[in-house]
2 protein chains.
Amino acid sequence: MRRKADESLRLDNQVCFAVYAAGHAFTRAYKPLLGKLGLTYPQYLVMLLLWEHDGPTMREIGERLHLDSGTLTPLLKRLETMGLVHRARLPEDERQLRVTLTDKGRALREAAADVPRAIGCASGLAPDEAKRLRHELVALQAALARAQ
Amino acid sequence: MRRKADESLRLDNQVCFAVYAAGHAFTRAYKPLLGKLGLTYPQYLVMLLLWEHDGPTMREIGERLHLDSGTLTPLLKRLETMGLVHRARLPEDERQLRVTLTDKGRALREAAADVPRAIGCASGLAPDEAKRLRHELVALQAALARAQ
DNA sequence: CGCATTTTAATTGTGCGCAATTGAATTCGA
DNA sequence: TCGAATTCAATTGCGCACAATTAAAATGCG
C-alpha cells in the first residue's frame with residue numbers, strides 16, 4: 001500500500017491541475033470563435049464587462065477581472081488601437097482612467113452574441129450543471145483568496 | 001424581464017470565467033509556497049511528474065500537461081540551469097529528449113512534501129468534495145477537447 | 001536504395017499575468 | 001497650509017502559452 005504523502009504528490013490527485021487544464025481547454029475552445037472577432041479571451045472579458053455596463057474605470061475593471069495595471073494597460077491600448085474602446089482621464093481625478101465603448105465596440109456585441117451558446121454546447125454541461133459548477137468554483141476562489 | 005441573449009453575455013453567468021478566476025486564485029495561493037522552493041507552478045507540475053515517474057521524454061511531458069515545445073523547451077532549460085533536471089537525447093532516436101532528475105531534483109521532493117496539504121487546507125475543500133470537483137473538471141476538459 | 005513524408009525539439013513572435021518600481025495626482029494630518 | 005502618505009496608471013522585467021516556422025532525425029514507400 002502506498003503511503004499518504006506519496007499519494008498527495010501525484011498529479012492526478014490535484015484539483016489545481018484539473019482547474020489549470022480546464023482553463024487551457026476553454027481557451028482553446030474560445031480561440032476559433034474569438035479569432036473571428038479579432039479578440040483574445042482576456043480582451044473578450046473586458047468587452048463583456050463594457051457591454052454589460054459601459055464606462056468603468058481601469059481600477060474597476062481590474063477588481064472585477066482580478067487583473068492589475070501591468071496586464072490591463074497594454075491590453076486596453078490594444079483594444080483602443082483596434083478602435084473598440086476609448087480611454088480618457090477623469091476630469092475630477094486625473095489619476096483615474098475611464099474606458100468607454102466606441103460605436104465599433106458596441107457593434108461587436110451582435111457578432112459576439114452566439115459565442116456563449118457555442119461554448120455552452122462544447123462544454124456538454126446542462127444549464128443547471130453549469131450553474132452549480134460555477135458556484136463551486138466561485139466558492140473555491142473565495143476560499144483561496146480568504147486564505148490569502 | 002431581461003432577454004435570453006443578454007443574460008448569456010453577462011460575465012457572472014459564465015463557467016469559463018469562474019474557471020479562469022479560480023486558476024488565478026490557485027496560482028496566487030501556490031506562489032509563496034513554491035517561491036520557497038524556487039519554482040513556478042508550471043515548473044512544479046513538471047517536477048511532480050518526474051517525482052512520480054522519472055525519465056519521460058519531452059513529448060510525454062507535453063502530452064500529460066498539454067504543453068508544447070514552445071513552452072517546455074525554455075522551462076526545462078531553466079530547471080536544468082537550476083540543477084534540478086538533466087536533458088539528454090535518446091541514443092536510439094536523436095530527435096527525442098529524455099528528462100531525468102538530478103540528486104538535487106530528487107532531494108527537492110522532501111521540501112515539497114507539505115505543499116499539497118497546505119493548498120488543500122487553503123481551498124477549504126473536504127477530500128471527497130475535492131475529488132468530485134476534480135472529476136467534473138476532468139470531464140469538462142474532455143468534453144471541450146472532444147468538441148475540438 | 002533514395003527520396004518524400006512524418007516526427008520531434010528548437011526558435012520566433014505575440015499576448016497575457018504578475019511583482020516591483022516610478023511618477024503624478026490626490027488626500028490626510030499635524 | 002504644507003509636507004507625508006496614499007492612490008492610480010504606466011513601465012520594466014520575467015515566465016508562461018501558443019501559433020507558425022525551421023531544422024534535424026527517423027520512417028515509409030516506390
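Naming convention: chains lettered A, B, ... in sequence-line order (proteins, then strands); numbering from 1 in each chain.
- Nucleic acid contact class of L72(A) (heavy atoms, under 4.0 Å, all strands): none.
- Between S69(B) and dA9(C) there is no side-chain N or O to OP1 or OP2 distance below 4.0 Å.
- For the pair K104(A) and M82(A), the tightest heavy-atom approach, listed with the atom from each and the gap, is NZ-O, 2.9 Å.
- When each of T57(A) and E94(B) is assigned the nucleotide of DNA chain D with its nearest heavy atom, T57(A) is the one assigned upstream, toward the 5' end.
- Across the interface with DNA chain C, nearest-nucleotide mapping of Q43(A) and E92(A) shows Q43(A) to be the residue nearer the 5′ end.
- Residue-to-nucleotide proximity on DNA chain C shows that, of T40(A) and E63(B), the 5′-proximal contact is made by E63(B).
- Hydrophobic clustering of Ile, Leu, Val, Met, Phe, Trp and Tyr side chains at less than 4.5 Å, counting indirect connections, unites V85(B) with L34(B).
- At whole-Å resolution of the value, CG in L67(B) and C1' in dC18(D) are 10 Å apart.
- Taking atom CD1 of I61(A) as the reference point, atom C1' of dC8(D) lies 14 Å away to the nearest angstrom.
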Check the pair R59(A) / E63(A) against salt bridge (charged side-chain N to carboxylate O under 4.0 Å, His left out), numbers first and verdict last. CA-CA 6 Å; R59(A) 186 181 59 69; E63(A) 280 173 5; 2.7 Å; yes
May I have the step-by-step check of salt bridge (charged side-chain N to carboxylate O under 4.0 Å, His left out) for E80(B) and R87(B), ending in yes or no? CA-CA 7 Å; E80(B) 189 177 42; R87(B) 304 184 320 132; 3.2 Å; yes
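- Among the atoms of the strands shown, base atoms are found under 4.0 Å from some heavy atom of D68(B).
- A close approach under 4.0 Å does not occur between any side-chain nitrogen or oxygen of T71(A) and OP1 or OP2 of dG17(C).
- Residues F26(A) and Y20(B) place their aromatic rings such that the two centres sit no closer than 6.0 Å.
- If you measure from atom CG of L45(A) to atom P of dG15(C), you get 17 Å, rounded to the nearest angstrom.
- Under 4.0 angstrom from either OP1 or OP2 of dA10(D) there lies at least one side-chain N or O belonging to R89(A).
- Computed from coordinates, the L90(A) CG to dT26(C) P distance equals 10 Å when rounded to whole Å.
- Taking every side-chain heavy atom of L75(B) into account, dC16(D) is the closest of dC18(C), dC16(C), dC16(D).
- Here the C1' atom of nucleotide dT8(C) and the CG atom of D93(B) are 8 Å apart, to the nearest Å.
- Nearest to the side chain of R59(B), among dT8(C), dA17(D), dA9(D), sits dT8(C).
- Residue Q96(A) contributes atom CD, which lies 10 Å from atom C1' of dA25(C) at whole-angstrom precision.
- R87(B) has no side-chain polar atom (N or O) that falls below the 4.0 Å cut-off from OP1 or OP2 of dA9(C).
- Taking atom CG of L34(B) as the reference point, atom P of dG15(D) lies 15 Å away to the nearest angstrom.
- Along DNA chain D, the nucleotide closest to T27(A) and the one closest to K77(A) are compared, and the more 5′ of them pairs with K77(A).
- Phosphate proximity of dA17(D) to Y20(A): present, with a side-chain N or O under 4.0 Å from OP1 or OP2.
- Atom P of nucleotide dA25(C) and atom CE of M58(A) are separated by 17 Å, given to the nearest angstrom.
- Comparing dA24(C), dG17(C), dA26(D) by their closest approach to the side chain of R95(B) singles out dA26(D).
- Distance from the side chain of H24(B) is smallest to dC18(C) among dT11(D), dC16(D), dC18(C).
- The pair D103(A)-R106(A) counts as a salt bridge, with a side-chain nitrogen and a carboxylate oxygen less than 4.0 angstrom apart.
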